[in-house]
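Throughout, a chain's letter reflects where its sequence line sits, starting with A, and its residues are numbered from 1. Note: hydrogens, waters and symmetry copies are ignored here, and every other heavy atom, side chains too, is used.
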There are 2 protein chains.
Amino acid sequence: MRVGKIARIGNRWLHKGMNGMTDSDGAKFKTVEPERRGQTSEEVVTQLRSMIHRGELRSGDRLPPERDLARLLGVSRPTLRAGIRSLSAVGVLESRQGAGTFVVKADESPVLDSSSLSLMASLHGFTSKEMFGARRALEMSIAGLAAEPGDQLASLAEEMAGMYASLDEPEEYLLHDMSFHQMVAAASGNRILTALMNMVAAVLLDARRKTVRRAHDLKESAEMHRKIYRAIRDRNPESARDAMRDHLLLAQKAQEAEVDWPGRGADQSQRKGAAEESA
Amino acid sequence: MRVGKIARIGNRWLHKGMNGMTDSDGAKFKTVEPERRGQTSEEVVTQLRSMIHRGELRSGDRLPPERDLARLLGVSRPTLRAGIRSLSAVGVLESRQGAGTFVVKADESPVLDSSSLSLMASLHGFTSKEMFGARRALEMSIAGLAAEPGDQLASLAEEMAGMYASLDEPEEYLLHDMSFHQMVAAASGNRILTALMNMVAAVLLDARRKTVRRAHDLKESAEMHRKIYRAIRDRNPESARDAMRDHLLLAQKAQEAEVDWPGRGADQSQRKGAAEESA
DNA sequence: TCGACACTTCTGGTCATACCTTTGACGGAT
DNA sequence: ATCCGTCAAAGGTATGACCAGAAGTGTCGA
């Protein structure tokens, strides 16, 4: 029936319209008192953060326009923008020019910004061993959880098929590879571990791209993934952990052999153009 | 006076001479290209991030004054400040009024901001089970690593003593408790896992405070810590993991019994004092 | 009547400028 | 030699204006 469709669309609009707060419910936003303990912009951050924790700001909500919100909070627009900027940097808010500022939507898997981890790696001189070690610890736990009774295996099997189908296309293989690990993480049922894994994996991703490009052992890699899949399918946590460990140890070995790690020389993050030195 | 885009771009180079900056500084910072389609402030972030990855900005370094740096990068001061703000929010830079802006120093254990995780918890409705599950996974791995041959046990033993000495002072016991886990993490030799653990633990800390306050089983808790310590001392990873798991499962049980989790009602992080009941 | 296009208006992004507050070092007074 | 006041430097905040992208609105033509 078209009732359903109309209702859904209407809901979206209603949602947007109602939560896009007009001046009428400005009572929600309390002006920051000139307590002046810390910096005013930090007080703005605290305000917004509290509103999120209290549930007054929900996923997908739109904040009032900056000019209005600044007036409501009793601060200037630059100060408000400083606060918004802070929360945007950690992935909680998102500003779009012309559209507004929104609380990041939550329907997708939560994402923790990995750039800070990447920067920490450079600043503290994190070793490849530590980075892979962290990933191994996370993914072994995840694999173990995924093997416990519960969820869907269909998407896992699907990615498996995709991997075998792209054994001669490293770039595409890598996509299925990543998806596979994402699916395992999703099957673990723990979104926090998933987010942390993504954080670490993102830092390692770029180097991995180079490794997989001239990889000759994709077959072997696919076999190991299948071993993981089977262990999960058979609900054998211990076996899943072992398989994941073996897989990641091999991946680490392959990567360390090819990449001149702890490379301070290259920007390891945010290299979007995957085809840079391939041509 | 309003002359449009071309004149504005020209302004960047034609304006005034670079007086006051040393040559070394001038060579380091390159102006951002105006042809970038992304946001200018993001370009600033990218610039600074690359300089850190390349090692041109090191831990503890001080950035040039905002007014000078803005000129060097060819952007306005507010735009530069937006970029600095982003990197400050993720814990990479730190600005002190009157002193300057510094790259965060690295001698101490790296810290990943936990406020984003805390906010994600509220936004996505993370359950207590997931949060504790993540911590358990992290700390079990850490305990296993710490039990492998290697490091110092002195500080661990020290914290053990402190715990037993403060069995009747919950607040102080908690401090030793936290220190103990930090020491175990340090002994694991993996600073990334340590940072991730701290992230999760920080979110759980506040609720834990309330739990430990009226705790009657501190003795039991201390015993479990000793079990962990012994396993690490005896270089028995499997035993260390088990002991850590048991300890955290008990802690979870105690905490879930007392705290009305997944409470959207309370601000779980950073409650320094003033924000809430200002009435 | 209906759809494509242009216009108006919001909204965030950037810029310039001015002033305040804090910091820290320099220099004079004790 | 020590202490303390002064002052320049540096970040923090405020104001106001304009730029650029997005969304909604209205008009015109098929």
Side-chain angles (χ1 to χ4, degrees), chain A residues 12-13 16-17 20-23 31-45 61-89 93-104, chain B residues 1-16 19-22 25 31-45 61-89 93-103:
Chain A
R12 191 179 302 168
W13 277 96
K16 200 172 182 180
M21 301 137 203
T22 56
D23 291 2
T31 70
V32 29
E33 283 311 315
E35 181 182 354
R36 283 310 224 206
R37 231 189 43 236
Q39 299 172 182
T40 313
S41 56
E42 278 309 313
E43 203 58 30
V44 172
V45 173
D61 280 0
R62 181 186 144 168
L63 269 62
E66 292 183 350
R67 293 163 178 85
D68 299 341
L69 184 51
R71 189 165 33 80
L72 289 171
L73 293 178
V75 301
S76 70
R77 199 179 153 212
T79 300
L80 170 67
R81 280 180 60 79
I84 290 177
R85 186 87 196 173
S86 284
L87 291 171
S88 301
L93 296 183
E94 184 180 346
S95 294
R96 293 199 298 273
Q97 185 175 173
T101 300
F102 303 82
V103 180
V104 93
Chain B
M1 191 56 188
R2 288 298 133 222
V3 275
K5 179 195 278 183
I6 296 179
R8 203 194 78 231
I9 295 177
N11 239 354
R12 293 177 178 171
W13 281 275
L14 294 181
H15 207 9
K16 30 197 124 173
N19 38 12
M21 290 306 300
T22 64
D25 278 342
T31 68
V32 355
E33 296 300 327
E35 65 212 48
R36 298 295 289 180
R37 283 298 165 263
Q39 298 174 184
T40 314
S41 57
E42 278 310 312
E43 199 58 27
V44 171
V45 173
D61 280 0
R62 184 185 135 169
L63 270 62
E66 292 183 349
R67 293 163 177 85
D68 298 339
L69 184 51
R71 217 172 47 231
L72 287 171
L73 294 178
V75 302
S76 71
R77 197 180 156 212
T79 300
L80 170 67
R81 280 180 60 79
I84 290 176
R85 185 89 196 172
S86 283
L87 291 171
S88 301
L93 296 183
E94 184 180 346
S95 293
R96 294 200 298 273
Q97 185 176 171
T101 300
F102 303 83
V103 180

Look at Ser41(A) and dT13(D) and indicate whether a side-chain polar atom (N or O) is within less than 4.0 Å of OP1 or OP2.
-> yes
Between Ser95(B) and Ala99(A), whichever has its closest DNA chain D nucleotide further toward 5' is Ser95(B)
Taking all non-hydrogen atoms of both residues into account, name the closest pair between Ile84(A) and Ser95(A) and its distance.
-> CG2-OG, 3.8 Å
Would you mind reading off the distance between Gln39(A) atom CD and dG11(D) atom P, rounded to a whole angstrom?
-> 12 Å
Separation of dA9(D) atom P from Arg62(B) atom CZ, nearest Å, is 12 Å
Look at the side chain of Gln97(B) against the base of dG11(D) and say whether a donor-acceptor pair falls under 3.5 Å; ignore hydrogens and angles.
-> yes
From CZ of Phe102(A) across to C1' of dA23(D) the rounded distance in Å is 11 Å
Is any N or O donor-acceptor pair between the side chain of Arg67(B) and the base of dG11(D) shorter than 3.5 Å?
-> yes
Can you tell me how far C1' of dG12(D) sits from CD of Glu42(A), to the nearest Å?
-> 12 Å
Is any side-chain N or O of Arg77(B) under 3.5 Å from a base N or O of dG12(D), one able to act as donor and the other as acceptor?
-> yes
In whole Å, what is the span from the CZ atom of Arg71(B) to the P atom of dT17(C)?
-> 13 Å
In Å and rounded to the nearest 0.5 Å, what is the CG to OG1 distance from Leu63(B) to Thr101(B)?
-> 6.0 Å
Does Thr40(B) have a side-chain nitrogen or oxygen under 4.0 Å from the phosphate oxygens OP1 or OP2 of dT14(C)?
-> yes
Expected output: side-chain Arg85(B) to main-chain Ala82(A) donor-acceptor under 3.5 Å = yes
Judged by nearest nucleotide, the residue sitting upstream toward the 5' end of DNA chain C, Arg96(B) or Ser76(B), is Ser76(B)
In whole angstrom, what separates Leu69(A)'s CG from dG13(C)'s C1'?
-> 17 Å
Where is the tightest heavy-atom contact between Ala70(A) and Leu80(A), given as atom of each residue plus distance?
-> N-CD2, 3.5 Å
Testing dA14(D), dC15(C), dG13(C) for proximity to the side chain of Val75(B), the answer is dC15(C)
Could you check how far CD of Glu43(B) sits from P of dC15(C), rounded to whole Å?
-> 12 Å
Whole Å only: how far is the CD atom of Glu94(A) from the C1' atom of dG21(D)?
-> 15 Å
Phosphate oxygens OP1/OP2 of dG11(D): is one of them under 4.0 Å from a side-chain N or O of Thr101(B)?
-> yes
About how many Å separate OG1 of Thr79(B) and CD of Glu66(B), when rounded to the nearest 0.5 Å?
-> 11.5 Å
DNA chain C nearest-nucleotide lookup for Leu80(B) and Gly98(A): closer to the 5′ end is Gly98(A)
Classify the nucleic acid contact of Arg81(A) as base, sugar-phosphate or nothing, counting any heavy atom under 4.0 Å across all strands shown.
-> base
